[in-house]
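Structure record follows, encoded as structure tokens.
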Amino acid sequence: MAAAGSEHTSSPLPDLPRDLGSSVRAGRVGGRIETTFRELALSRARSRRLDADMDVDQADFVETRGRAVAIEAFRLAADHVVALTAAVPADRWDAPALGSWTVRSLVGHTGRALSTVVEYLARPAVEHTVLSTADYYTRAAERVDAESIRLRGEQAGADLGERPAEAIRELRDQAVRALAEAGDRIVPTAVGGILLSDYVPTRTFELAVHGLDIARAIGLPAVLPAEVLRAVLPVATELAVRRGHGEAVLLALTGRDGLPAGFGVL
């Protein structure tokens with residue numbers, strides 16, 4: 001840094017004559033000043049373009065990282081279900097599990113959270129009408145048909161064949177491979193077209209919730225990987241808020257009140 005009173009300057013402007021006024025009148029400086037300001041303007045324009053490019057790159061990075069985190073949470077939830085299915089005792093497959101479903105039917109229904117990933121990615125893109133993960137569930141709730149869900153679960157359980165644990169493992173592998181090869185694009189679902197990055201969390205949510213159902217049905221601890229919980233709890237919270245249950249959830253989480261009997265966000 002120059003001392004006070006020093007003639008030195010760090011300005012990028014070229015040295016100008018001491019008698020600037022007479023030099024301008026003589027025409028010796030005008031061209032240099034014009035060129036300098038033109039260069040400064042071009043420099044600022046380049047800087048703005050670089051800033052814009054950096055913003056785009058940063059947005060792409062955040063989006064890519066977010067998608068990778070979502071896929072990893074899905075994989076962990078799928079691995080959890082695979083491990084639970086492998087732990088089902090041979091004599092428990094026909095035992096009661098959830099509602100009218102046996103363990104086999106429950107596992108079959110859970111496996112649809114894997115098979116639909118592969119199925120939907122194989123279909124052509126459609127109009128983007130479902131705008132978020134929570135929006136998917138809001139729309140699904142409007143079209144819910146409990147009997148159809150029951151029948152599909154039973155059929156999916158039967159389709160697992162004689163080695164259901166191996167069948168679930170294969171469905172997991174197929175879904176993980178399909179996601180690894182797919183970019184973020186619109187996929188068709190029963191409630192409309194949704195970005196893959198918004199659809200994958202719905203599959204993680206299904207795997208997590210029904211993973212807990214399977215664990216309880218076969219007498220194992222109802223626990224989930226922390227990464228899966230971090231992925232699905234915000235979805236459940238948003239659904240609670242949408243259905244007008246936000247206060248009830250907040251009171252329960254802060255130890256002020258328990259949740260009412262039969263409470264649910266779906």
Side-chain angles (χ1 to χ4, degrees), residues 63-64 66-78 80-82 98-99 101 105-160 167-168 170-213 228 231-243 264-266:
E63 180 182 342
T64 300
R67 189 161 61 246
V69 170
I71 291 175
E72 177 63 8
F74 170 85
R75 185 189 65 77
L76 289 170
H80 181 248
V81 167
V82 167
L98 181 66
W101 279 337
S105 299
L106 173 59
V107 171
H109 173 79
T110 306
R112 286 181 51 78
L114 303 169
S115 62
T116 52
V117 170
V118 180
E119 178 185 346
Y120 291 165
L121 280 172
R123 295 181 182 177
V126 294
E127 184 180 359
H128 186 195
T129 57
V130 185
L131 303 183
S132 69
T133 301
D135 192 27
Y136 172 90
Y137 278 110
T138 300
R139 289 169 176 256
E142 296 170 352
R143 305 186 186 187
V144 65
D145 182 345
E147 182 63 12
S148 294
I149 293 173
R150 181 185 69 80
L151 293 174
R152 282 197 300 269
E154 292 176 354
Q155 184 59 54
D159 291 343
L160 293 176
I168 288 292
E170 177 58 27
L171 288 175
R172 185 272 315 272
D173 293 346
Q174 291 175 3
V176 170
R177 282 197 300 269
L179 288 174
E181 297 168 357
D184 196 11
R185 63 178 181 81
I186 301 170
V187 294
T189 73
V191 298
I194 184 173
L195 282 173
L196 183 63
S197 55
D198 289 327
Y199 181 64
V200 169
T202 73
R203 304 302 86 192
T204 305
F205 191 88
E206 296 292 320
L207 290 167
V209 172
H210 291 310
L212 295 177
D213 290 335
V228 175
V232 302
L233 283 174
V235 177
T237 301
E238 174 61 22
L239 293 175
V241 171
R242 288 190 175 211
R243 298 199 64 178
V265 299
L266 296 176

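One-based numbering along the sequence shown.
Side chains of Ser132 and Asp135: a donor-acceptor N/O pair is absent below 3.5 angstrom, by distance only.
Side-chain atoms of His128 come within 3.5 Å of backbone atoms of Val130 as a donor-acceptor pair (strictly under, hydrogens ignored). In this structure, the side chain of Arg185 engages the main chain of Leu121 through a donor-acceptor pair within 3.5 Å. Distance alone, capped at 3.5 Å, places no donor-acceptor pair between the Thr202 side chain and the Asp198 backbone. Remark: side-chain polar atoms of Asp184 are paired, donor with acceptor, to backbone N or O of Ser197 under 3.5 angstrom. Judged by distance alone, the side chain of Trp101 and the main-chain N or O of Gly153 form no donor-acceptor pair under 3.5 Å. When atom types are taken as modelled, the side chain of Arg139 and the backbone of Ala134 share no donor-acceptor pair closer than 3.5 angstrom. Side-chain N or O atoms of Arg203 include none that pairs as donor or acceptor with a backbone N or O of Phe74 at under 3.5 Å.
For the atom pair OG1 of Thr110 and CG of Leu160, the computed distance is 9.5 Å after rounding to the nearest 0.5 Å. For the atom pair Leu106 CG and Leu98 CG, the distance stands at 5.5 Å (nearest 0.5 Å). Distance check: His109 NE2 to Glu206 CD gives 5.5 Å after rounding to the nearest 0.5 Å. How far CD of Gln174 is from CZ of Arg172: 11.0 Å, rounded to the nearest 0.5 Å. We find the CZ-OG1 distance between Arg123 and Thr189 to be 9.0 Å, quoted to the nearest 0.5 Å. A distance of 9.0 Å separates OG1 of Thr133 from CG of Leu239, quoted to the nearest 0.5 Å.
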Checklist line | side-chain contact (heavy atoms from CB on, under 4.5 Å) evaluation trace for Ile194 with Ile186 | finding: CA-CA 5 Å; Ile194 184 173; Ile186 301 170; 6.0 Å; no
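Closest heavy-atom contact between Ala240 and Val265: CB-CG1, 3.6 Å. Listed here is the closest heavy atom pair of Val200 and Leu179: CG2-CD2, 3.7 Å. Taking both residues in full, the closest heavy atoms of Val118 and Ala178 are given as CG2-CB, 4.3 Å, listed atom of the first, atom of the second, then distance. Ala77 and Leu207 get closest at one heavy-atom pair: CB-CB, 3.8 Å. Across all non-hydrogen atoms, the minimal contact from Ala208 to Val232 is CB-CG1, 3.9 Å. Shortest non-hydrogen contact noted between Ala231 and Ala73 is CB-CB, 3.7 Å.
With sequence neighbours left out, the side chain to side chain contact (heavy atoms under 4.5 Å, CB included) criterion links Arg75 to Glu72, Asp79, Val176.
Using a 4.5 Å heavy-atom cutoff, the side chains of Thr138 and Arg243 are not in contact. Within the 4.5 Å cutoff, no side-chain heavy atoms of Tyr136 are placed close to those of Val235. Counting heavy atoms from C-beta on, the side chains of Tyr120 and Leu196 never come closer than 4.5 Å.
Within 6.0 Å of atom CD in Glu127, 12 or fewer heavy atoms from other residues, nucleotides or ligands are found, so the atom counts as exposed in its surroundings.
A salt bridge links Glu170 to Arg177: one of the charged nitrogens lies within less than 4.0 Å of a carboxylate oxygen.
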